[in-house]
**Student:** 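My structure is below; once you've seen it, I'll send some questions.
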Amino acid sequence: MALQVWIDGTFYDKEHAKISVYDHGLLYGDGVFEGIRVYNGRIFECDAHMRRLFDSARGIRLTPSLSKEQIKAAMEETIRVNHFRDCYIRLLITRGIGCLGLNPNKCAQPSVIVIADTIELYPPEMYERGMSIITASVIRTHPNALSPRIKSMNYLNNILAKIEAVDAGVPEALMLNGEGNVAECTGDNIFMVRDGLVQTPATSDGILEGITRKVIIELCRRLAIPCVERSLQRHDFYVADECFLTGSAAEVVPVTRIDGRAIGNGHPGPVTRKLSEAFHRHVREG
Ligand code: PMP
């Protein structure tokens, strides 16, 4: 059976899962989304994802046509119909079908789309040996332009940085904010470790408040590993002992090189390994 995609209450075969060319999600990137993991048949951090989704929707003044419970039910049905135990869910709310003009008030009703599929963001050996990244020349969207806390369907800022990474032969790019502080990568949050202290850019530095980031901060607390959220500069990363990225799709991936410079001894470090193992235990045990 073909993979089934849920669109506004109906399942479609993957190849027939389509939306209107008049949907403002396509015309203007007007919509919000989530990327969510399912482990052992359970939607990981479902409440946190629903909260962020509805905050994002509110941030772009979009009122979802379904409640959090209805969306959760749609995700569970999509997992079940596709017989997944472990998968990745892409959940979207688009502004809906409108006219050829920006005004979102002319759109009839937002559309909800649930795609459940497998995902492999980076090759498995990068989790073992570590990843090289570069700093992008494009900065992360300024919070007064479009808050990076809104997970919107407008990812061009990140895509331009991603292209720089790919051109440089690496899978990810570090993005700075308007002040020159480190913000995050194109689809992942970033952490560093120095002298046993885990550090990650603060929300006020213009980042998406990653759900994996939040879980890692909580795991640090449980494991009695000191962890702080603060403004960090590229230099802090250059002189760090360890660095790693977090994201729902990426999970926890060690970074061993930034802008051609080895981080620490150029190999994944012990704190990264410990947190990665704790993360994988946590997602399975709940
Ligand atoms: N930053 C950006 C820009 C992202 O798109 C994502 C999600 N892919 C993240 C960080 C990580 O967030 P989460 O842990 O909630 O997936």
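We use all heavy atoms of the structure for the numbers below, so side chains are in, but hydrogens, waters and symmetry mates are not. Remember, it's 1-based here, ligands and their atoms both numbered in the order they're listed.
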**Student:** Distances for all N or O pairs of ligand 1 and the protein under 3.5 Å?
**Tutor:**
| residue | atom | partner | partner atom | Å |
| --- | --- | --- | --- | --- |
| ligand 1 | 1 (N) | Glu184 | OE1 | 2.6 |
| ligand 1 | 5 (O) | Lys151 | NZ | 3.3 |
| ligand 1 | 5 (O) | Tyr155 | OH | 2.4 |
| ligand 1 | 8 (N) | Gly187 | O | 2.9 |
| ligand 1 | 14 (O) | Ile211 | N | 3.2 |
| ligand 1 | 14 (O) | Thr212 | N | 2.9 |
| ligand 1 | 14 (O) | Thr212 | OG1 | 2.6 |
| ligand 1 | 15 (O) | Arg52 | NH1 | 2.8 |
| ligand 1 | 15 (O) | Arg52 | NH2 | 3.0 |
| ligand 1 | 15 (O) | Ile211 | N | 2.7 |
| ligand 1 | 16 (O) | Ser248 | N | 2.8 |
| ligand 1 | 16 (O) | Ser248 | OG | 2.7 |

**Student:** Phe44 and Tyr88: aromatic ring centres closer than 6.0 Å?
**Tutor:** no
**Student:** Cation-pi check, Lys18 to Tyr12: give yes when NZ or CZ is under 6.0 Å from the six-membered ring centre and within 45° of the ring axis, no otherwise.
**Tutor:** no
**Student:** With sequence neighbours left out, write down each residue that passes ring pair (Phe, Tyr, Trp, His ring centres under 6.0 Å) with His49, or none if nothing qualifies.
**Tutor:** none
**Student:** Answer yes if the side chains of Thr212 and Glu251 hold a donor-acceptor pair under 3.5 Å, and no otherwise.
**Tutor:** no
**Student:** Is the terminal nitrogen or CZ of Arg284 (NZ for Lys, CZ for Arg) located under 6.0 angstrom from the six-membered ring centre of Tyr39 and within 45° of that ring's axis?
**Tutor:** no
**Student:** Can you confirm whether more than 12 heavy atoms, excluding those of Tyr22, are under 6.0 Å from its OH atom?
**Tutor:** no
